[in-house]
Visitor: 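I'd like to ask some things about the structure below.
These numbers come from a predicted model, not from an experiment. All values below were derived from every heavy atom in this structure, side-chain atoms included, with hydrogens, water molecules and symmetry-related copies excluded. We count residues from 1, following the sequence as given. Whatever order the structure lists ligands and atoms in, that order sets their numbers, starting from 1.
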Amino acid sequence: MSETIDTLLQEDRIFPPSEAFKANANLNDPAIYGQADADWQGWWEGWAEKLDWFEKWHTVVEWNQPYSKWFLGGKINACYNCVDRHVKNGLGNRIAWIGEGEPGDVREFTYSMVLEHVQRLANAIKSLGVGKGDRVCIYMGQGPELCLAMLACARIGAAHSVVFGGFSAQSIQERVNDAEAKLVITADGSWRRGNIIPLKQIVDSAIEMGCPSVTNVLVYERVGAPFAETMGIPAPDYNRGTWVEGRDVWWHDVVPQQSDDCPCEPMDSEDLLYILYTSGSTGKPKGIMHTTGGYLVGTSATSKCVFDYKDSDIYWCTADCGWVTGHSYVVYGPMANCVTQVLYEGSPDTPEKDRFWRTVEKHKVTILYTAPTAIRTFMKWGEEYPAACDLSSLRLLGSVGEPINPEAWMWYHRVIGGERCPIVDTWWQTETGAIMITSLPGIVPAKPGSATKVFPGVWATIYDEDGNDLVKTQGVPVGGFLVLKRPWPSMLRGIWGDQDRYVKTYWSKFSDAYFAGDGAKLDADGYFWLLGRVDDIMLVSGHNISTMEVESALVDHPKVAEAAVIGKAHDVKGQAVAAFVILKGSAEPSDELAQELKKHVATKIGALARPDDLIFSAELPKTRSGKIMRRLLRDVAEGRVLGDVTTLADPAIVQSLKCQYEDKEG
Ligand code: WT7
C-alpha cells in the first residue's frame, strides 16, 4: 500500500441530535473528551468505581506493551455486578429479559428470577465437576438460557467459550479441544427460519470426532415435545442425536432441584472471564481472551454512554451471543446497567419479513442495535414492512459490524428512525472487547457513514506503512492504517495458548501501536471513516481505493440494495475494480443497467473507480456473522479454484457466481 489511501467518497450531510435528546442525554458536555484524554486512567477509574468490588484495586493500569493489566489487586465477580447487586439495590422486579422464541413464545425474566435461575444452574455446573479456572463450551440458540449459562460460568469462575449455534461439528471440536473444555452446555435444538437446528446432534458429532477433555454434556430441552405442547403445535420431527449415559445430562433433571444459593467466586480483576474464537482470515481460529475487571469496566461504561440507557428503556441488540457483540452488548454491558432487553431467537423473515418491526412494536423497543448487513437486507425487502408497524417507541439506533454505507444510513434514519432517532455507528472488534470509535448521541452530530469520534479516553490515529503518525506529520484529512495508541481496560489479553501469535498478529506491523487490520480516513472535522480491512483495499493504477467507498457509491443508486467490490488482477492497471451487485426487489438486471451503474460510480467518485466487471447476483457470499467474504469473490473474478468455503453461511452462492462469471467471460 502506498503512503495514503485516496479519499474518494464525499459526504457532506450532517445530523445533530435534537435539543430535547441533548438535554436528557447521559453525556452532553463536549468537555468530556478533553478531560478523559488528559487523565485517561482517572476516566476509566471513575467507571470502575461504579461497579461493586469485593476488594478495591491498588493500581489502575500496568502497561508492558503489548500486555496490559487493569485494576490490579481488585477482586470482582461479573455475574454479581450484572445480577446480584441490582436485586440488592431493590431492582429485583425489573425485567431483565423478554425472551421471544421464533415460534412466537415469550418468556419474561425479572432480575430476581435471573438471580434464582443462575444460582441453581451454577450449582448444577459445579455438581458436574466444573470449578474456578475450568473452561465450558456453550453451544445454544439465542435466548435466556444461553445468557444464564454465560452468567453461571462467570459466577463460579469458569471461563465460557460460546460457539455460535449454527457452526459445524468440526468448529465445535476445534474450539473445545483448543480450550480443553470439560463441559459442553447445549440444547436439543433451536428454531431458525421455521426449522430446527439439531444442536445436540451436532455436539454428538463433534465429540465423536474426538473431544477428550469433555466429561459431560448438559442439555436444555428447548424444542422437544413439552414445548410443542405448550404451543399447541405438533411435536417436531428432528434429529435428537444419541443419548450417551453417564455423559449426557438433561438440564431439567439436574438444575431445578439445586439450591438457589450459590455464592459468587471473588475473581482477581485479571482472571479470565471468557475465550471467544474469531476466525481471522487464515489459519485456525484465534481464542481471544478477555479478563474480568477491565472488561466489565469497558463494556459497562460504553453501554451507558453510547446507548444512553434510561430506566424506562427497552433495549434490543439483535446480535447473537455467539459473537462478541452478544457478550459485550447483550450480557455484560447492558446487564451491568440493569437494562431491560429483548432476546430474539430466530430469523428476521419468520414468519414474515416484518418480524423485526413487529417485535419492536410488540415490546415497545426504544433502542435498537443491529448490523449494516441486516439494514441492507431490509432495504432490499422494501419499506412496506417497517411502514406497516408502529415504530414510534424507538429513540436511538445503533450499527455495528462493518462500515455502514451512507445510503443505508439514510434509510435507517428515515424509515426506521422516523428522522428523529440519533444513530450511533460503533466501531470495535472482538479484540477490543468494547466500542472504541462511536458518536456519543447527545454530543456528536452524525455524518452518514462515519463512526465519528473515539470513545473518551481512547487514542486512535492514522499511520502510514512505515509507522509515521500521519495526523501529526500531515494533519487532516488523511487516510491510512487505523491504530490504537494507548491501552484500554477491555483490550484482549492475548490468544489462548498462543501468545506468539498475539504479538505477531497485532503488535508486529508497528512497533508502538495496536493494529488490527482496518484502514480509515480522518476528515477535516476529526471524524473517522472506516474503510474496511486493509487486505481489501484495491490498488488501481497506483491509487489505493477502498472497496467500501465503491460499494457505497453503488448502493447510492436507487436500484441497488447491496454491493461487494474487489480488486481483480489487471495487466495494465495492477488491479481493476470488479463489482457484484444485488438489486432491490423491483429492479431487473440488464446490460444497460450494468452500464448505468458503472457510470454512476464514475460520476459519484471518479473514473478511476469505475468497475471493469459488474455482475448481478441474488446473494453474496457472507460469513455467518454477515461479513462479505471478498477473498472468495477474488477467486471467482480471477478464475481460481474456490478457496475454503466452510465458514460461509451458504456455500452454494459462490459456486453460482463462479458459473455466472465464466459465462460472461465466454
Ligand atoms: C471488524 C471486527 C465489533 C463487533 C462485531 C464484529 C469491522 C466493526 C464496524 C463499524 C466499520 C466495522 C472492522 C473490524 N467493523 N464495526 N462500525 N464500521 N467497520 O466483530 O468480527 O471482531 O470484526 O469489523 O473491520 O475490524 P469482529
Visitor: Decide whether a cation-pi geometry holds between K509 and F481; the criteria are a distance under 6.0 Å from NZ or CZ to the six-membered ring centre and an angle within 45° of the ring axis.
Guide: yes
Visitor: For atom 23 (O) of ligand 1, what is the nearest protein heavy atom, given as residue, atom name and distance?
Guide: K627 NZ, 3.2 Å
Visitor: Starting from atom 3 (C) of ligand 1, which protein heavy atom do you reach first, and at what distance in Å?
Guide: W428 O, 3.0 Å
Visitor: Kindly confirm or rule out an N or O of T278 lying under 3.5 angstrom from an N or O of ligand 1.
Guide: no
Visitor: Considering only the protein, which heavy-atom contact is closest to atom 10 (C) of ligand 1, and what is its distance?
Guide: E402 O, 3.5 Å
Visitor: Quick one: does T325 get within less than 4.0 Å of ligand 1, heavy atoms only?
Guide: yes
Visitor: Would you say the ring centers of Y139 and F164 fall short of 6.0 Å from each other?
Guide: no
Visitor: Which residues pass the salt bridge (charged side-chain N to carboxylate O under 4.0 Å, His left out) test with R135, not counting sequence neighbours?
Guide: none
Visitor: Which protein heavy atom lies closest to atom 16 (N) of ligand 1, and at what distance to 0.1 Å?
Guide: G401 N, 3.1 Å
Visitor: Side chain or backbone of T430 under 4.0 Å from ligand 1, or both, or neither, by non-hydrogen atoms?
Guide: both
Visitor: Taking the basic N atoms (NZ, or NE/NH1/NH2) and the acidic carboxylate oxygens, is any pair closer than 4.0 Å for D523 and K447?
Guide: yes
Visitor: Taking the side chain as every heavy atom from C-beta outward, state whether K286 and E431 have any atom pair closer than 4.5 Å.
Guide: yes
Visitor: For atom 11 (C) of ligand 1, which protein heavy atom lies nearest, and how many Å away is it?
Guide: P403 N, 3.1 Å
Visitor: Any idea which protein heavy atom is nearest atom 14 (C) of ligand 1, and the distance to it?
Guide: D518 OD2, 3.3 Å
Visitor: Applying the salt bridge (charged side-chain N to carboxylate O under 4.0 Å, His left out) test to E407, which of K604, R414, R376, R13 qualifies?
Guide: R13
Visitor: Just so I know, are the side chains of V458 and L484 near enough to count as touching, which here means a heavy-atom distance under 4.5 Å?
Guide: yes
Visitor: Have a look at ligand 1 and work out which part of V324, if any, has a heavy atom under 4.0 Å from it: side chain, backbone, both or neither.
Guide: side chain
Visitor: Identify all side-chain donor-acceptor contacts of residues 315-324 below 3.5 Å with residues at least two apart in sequence or on another chain.
Guide:
unit_1: Y315; atom_1: OH; unit_2: Y329; atom_2: O; d: 2.6
unit_1: T318; atom_1: OG1; unit_2: T370; atom_2: OG1; d: 2.8
unit_1: D320; atom_1: OD1; unit_2: G322; atom_2: N; d: 2.6

Visitor: Using a strict 4.0 Å cut-off to heavy atoms of T426, name the atoms of ligand 1 that fall inside it.
Guide: 9 (C), 10 (C), 16 (N), 17 (N)
Visitor: For ligand 1, does A451 get within less than 4.0 Å through its side chain, its backbone, both, or neither, judged by non-hydrogen atoms?
Guide: neither
